[in-house]
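This report refers to the structure that appears directly beneath it.
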Amino acid sequence: MQLIIFGSPGVGKGTQAKILASKLGIAHISTGDILREAIKKESELGKKAKAIVEKGELVPDDIMGGIILEALMEDKCKNGFILDGFPRTIAQAKILDNIFATLYTEEPFIIKLNVDDSIIIDRLTNRLVCNKCGNIIGKNEYKEDYICHVCKSTNSYYKRKDDDEEVIKRRLKVYHETTAQVFNYYSDKSKVIEVDGTQSIEDVTSKILTTMNIN
Ligand code: AMP
């Protein structure tokens with residue numbers, strides 16, 4: 001089973017992708033996580049991507065195409081996957097079309113989460129991310145010696161550099177100008193699911209799964 005999850009930055013794609021991957025027994029492929037890991041390790045990819053990611057701009061399509069192909073060839077994707085953060089441009093969608101035409105017989109489910117920009121800005125400026133497992137919490141939940149309830153590490157939560165208000169506005173602009181059109185590119189596909197992302201995490205997951213006919 002293959003899923004692609006769309007929506008603006010901060011809409012809850014990562015949170016839903018993690019839950020869906022675990023419930024469906026498929027891999028969660030987040031291109032943002034892959035890039036952040038490369039930046040942390042200071043690999044060749046990380047060096048190329050650092051300034052771009054920190055400004056909230058898009059890493060070039062040829063680099064992203066290589067990353068996604070490599071990720072999808074991994075063993076963990078054998079039973080399926082959910083893509084979170086890819087494709088973000090029409091060129092990336094075409095790269096993915098070619099990969100699907102070669103490797104898979106089924107069409108992917110296309111999921112889109114909708115939340116207004118004003119709510120997004122508030123969510124992102126107030127979120128912290130676990131450096132070890134990627135779990136997200138609100139700033140007001142954090143206190144000294146905070147233990148991550150998912151991976152149990154202590155004091156691992158940090159604010160992403162691109163969660164600065166100016167960078168968030170830049171990321172939203174890039175989303176509306178470029179990535180939103182990618183969803184339209186898929187609008188004639190049969191397995192498209194649109195969900196109101198302001199509902200609770202549990203309600204969003206349940207709406208997605210019932211629309212997919214999975215209970
Ligand atoms: P995300 O965690 O999905 O919000 O991604 C964080 C940042 O990584 C984005 O703002 C981009 O700079 C970069 N990025 C992630 N995925 C892509 C992609 N498919 N194409 C280009 N840049 C990407």
Side-chain angles (χ1 to χ4, degrees), residues 1-38 40-41 64 67-88 96 99-100 103-115 120 123-124 126-138 141-142 146-158 160 163 183 186 189 191-215:
M1 177 183 292
Q2 292 94 23
L3 289 74
I4 305 176
I5 191 158
F6 280 104
S8 50
V11 80
K13 295 188 298 294
T15 302
Q16 289 300 328
K18 276 197 194 75
I19 297 171
L20 291 167
S22 144
K23 281 190 187 288
L24 300 170
I26 57 177
H28 171 207
I29 306 294
S30 156
T31 46
D33 284 352
I34 295 172
L35 291 168
R36 278 184 290 280
E37 191 58 31
K40 195 159 91 186
K41 283 192 186 141
M64 294 313 303
I67 290 177
I68 208 71
L69 184 59
E70 193 178 316
L72 296 184
M73 298 309 288
E74 280 182 43
D75 234 29
K76 65 177 182 183
C77 290
K78 249 188 356 229
N79 295 329
F81 51 82
I82 177 160
L83 294 185
D84 158 17
F86 189 97
R88 261 179 157 97
L96 195 60
I99 297 178
F100 265 86
L103 296 180
Y104 312 111
T105 48
E106 266 184 277
E107 275 193 2
F109 283 97
I110 310 289
I111 302 161
K112 178 157 177 269
L113 305 181
N114 297 317
V115 174
I120 295 283
R123 273 191 191 176
L124 291 187
N126 287 303
R127 79 172 177 184
L128 296 173
V129 183
C130 177
N131 191 25
K132 300 272 161 36
C133 72
N135 186 53
I136 290 169
I137 58 168
E141 287 175 63
Y142 189 79
Y146 187 89
I147 297 173
C148 176
H149 63 276
V150 178
C151 71
K152 311 290 176 227
S153 53
T154 311
N155 284 335
S156 57
Y157 279 81
Y158 75 108
R160 273 172 52 172
D163 280 347
F183 179 66
Y186 288 106
K189 301 276 187 219
K191 296 159 137 185
V192 176
I193 302 168
E194 273 199 78
V195 180
D196 170 7
T198 59
Q199 303 172 85
S200 70
I201 292 175
E202 296 75 18
D203 286 351
V204 173
T205 311
S206 141
K207 173 83 182 151
I208 294 171
L209 291 173
T210 24
T211 317
M212 288 170 73
N213 278 328
I214 297 169
N215 294 309

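None of these values were measured; they are calculated from a predicted model.
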Which of Val195, Ile5, Ile120 passes side chain to side chain contact (heavy atoms under 4.5 Å, CB included) with Val11? It is Ile120

What residue pairs, at least two apart or across chains, pass salt bridge (Lys or Arg N to Asp or Glu O under 4.0 Å) with a residue in residues 12-27?
none

Enumerate the residue pairs fulfilling salt bridge (Lys or Arg N to Asp or Glu O under 4.0 Å) with a member in residues 195-204, sequence neighbours excluded, ordered by first and then second residue.
none

Spacing of CG belonging to Leu83 relative to CZ belonging to Arg88, to within rounding of 0.5 Å
12.0 Å

Within the structure provided, determine whether Thr211 and Lys207 are in side-chain contact (heavy-atom separation under 4.5 Å).
yes

Applying side-chain contact (heavy atoms from CB on, under 4.5 Å) to Thr15 and Ile201, what does each step give before you reach the verdict?
CA-CA 8 Å; Thr15 302; Ile201 292 175; 3.9 Å; yes

Return the CG to SG distance between Leu103 and Cys77, rounded to the nearest 0.5 Å.
10.5 Å

Closest contact, heavy atoms only, Ala71 versus Ile34
CB-CD1, 4.3 Å

Tell me, with the steps shown, if Phe109 and Ile4 meet side-chain contact (heavy atoms from CB on, under 4.5 Å).
CA-CA 6 Å; Phe109 283 97; Ile4 305 176; over 6 Å; no

Side-chain donor/acceptor of Arg123 to backbone N/O of Gly10, under 3.5 Å
yes

If you measure from OG on Ser206 to CD1 on Ile214, what distance do you get to the nearest 0.5 Å?
12.0 Å

In short, side chain to side chain donor-acceptor pair (under 3.5 Å) pairs touching residues 72-86 with sequence neighbours left out are His28-Asp84

Check: Leu113 and Ile208 side chains under 4.5 Å, non-hydrogen atoms:
yes

Which residues pass the ring pair (Phe, Tyr, Trp, His ring centres under 6.0 Å) test with Tyr186, sequence neighbours left out?
Phe6

Is there a side-chain contact between Val129 and Tyr158 (heavy atoms, below 4.5 Å)?
yes

Is a side-chain donor or acceptor of Glu141 paired with a backbone partner of Gly138 at a separation under 3.5 angstrom?
yes

With a 4.5 Å limit on heavy-atom distance, are the side chains of Leu72 and Leu96 in contact?
yes

Is a side-chain donor or acceptor of Thr31 paired with a backbone partner of Gly85 at a separation under 3.5 angstrom?
yes

Just by distance, do the side chain of Gln16 and the backbone of Val204 share a donor-acceptor pair under 3.5 Å?
no

For a quick test of reading the model, state the closest non-hydrogen atom pair linking Val115 to Gly197 and the distance between them.
CG2-C, 3.4 Å

What's the spacing between Cys133 SG and His149 NE2 if we round to 0.5 Å?
8.0 Å

What verdict does the side-chain contact (heavy atoms from CB on, under 4.5 Å) test give for Lys132 and Lys152, after you've listed the backbone C-alpha separation in whole Å, the side-chain angles of each residue and the deciding distance to 0.1 Å?
CA-CA 9 Å; Lys132 300 272 161 36; Lys152 311 290 176 227; over 6 Å; no

Mind checking the CG-CG spacing from Leu124 to Asp163? Nearest 0.5 Å is all I need.
5.0 Å

Tyr157 vs Ile137, side-chain contact (heavy atoms from CB on, under 4.5 Å): CA-CA, chis, key distance, verdict
CA-CA 8 Å; Tyr157 279 81; Ile137 58 168; 3.5 Å; yes

Are any non-hydrogen side-chain atoms of Ile68 and Glu70 less than 4.5 angstrom apart?
no

Pairs touching residues 67-88 that satisfy ring-ring contact (aromatic ring centres under 6.0 Å, His included), sequence neighbours left out
Phe81-Tyr104

Less than 4.5 Å apart, side chain to side chain, heavy atoms only: is that true for Lys191 and Met212?
no

Interatomic distance, CG@Leu20 vs CD1@Ile111, rounded to 0.5 Å, equals 5.5 Å

Can you tell if the side chain of Ser153 reaches within under 4.5 Å of the side chain of Ile147, non-hydrogen atoms only?
no

Flag the pair Phe100 / Glu107 as yes when at least one side-chain heavy-atom distance between them is below 4.5 Å, and no otherwise.
no

For Arg36, the salt bridge (charged side-chain N to carboxylate O under 4.0 Å, His left out) test, sequence neighbours excluded, returns Asp33

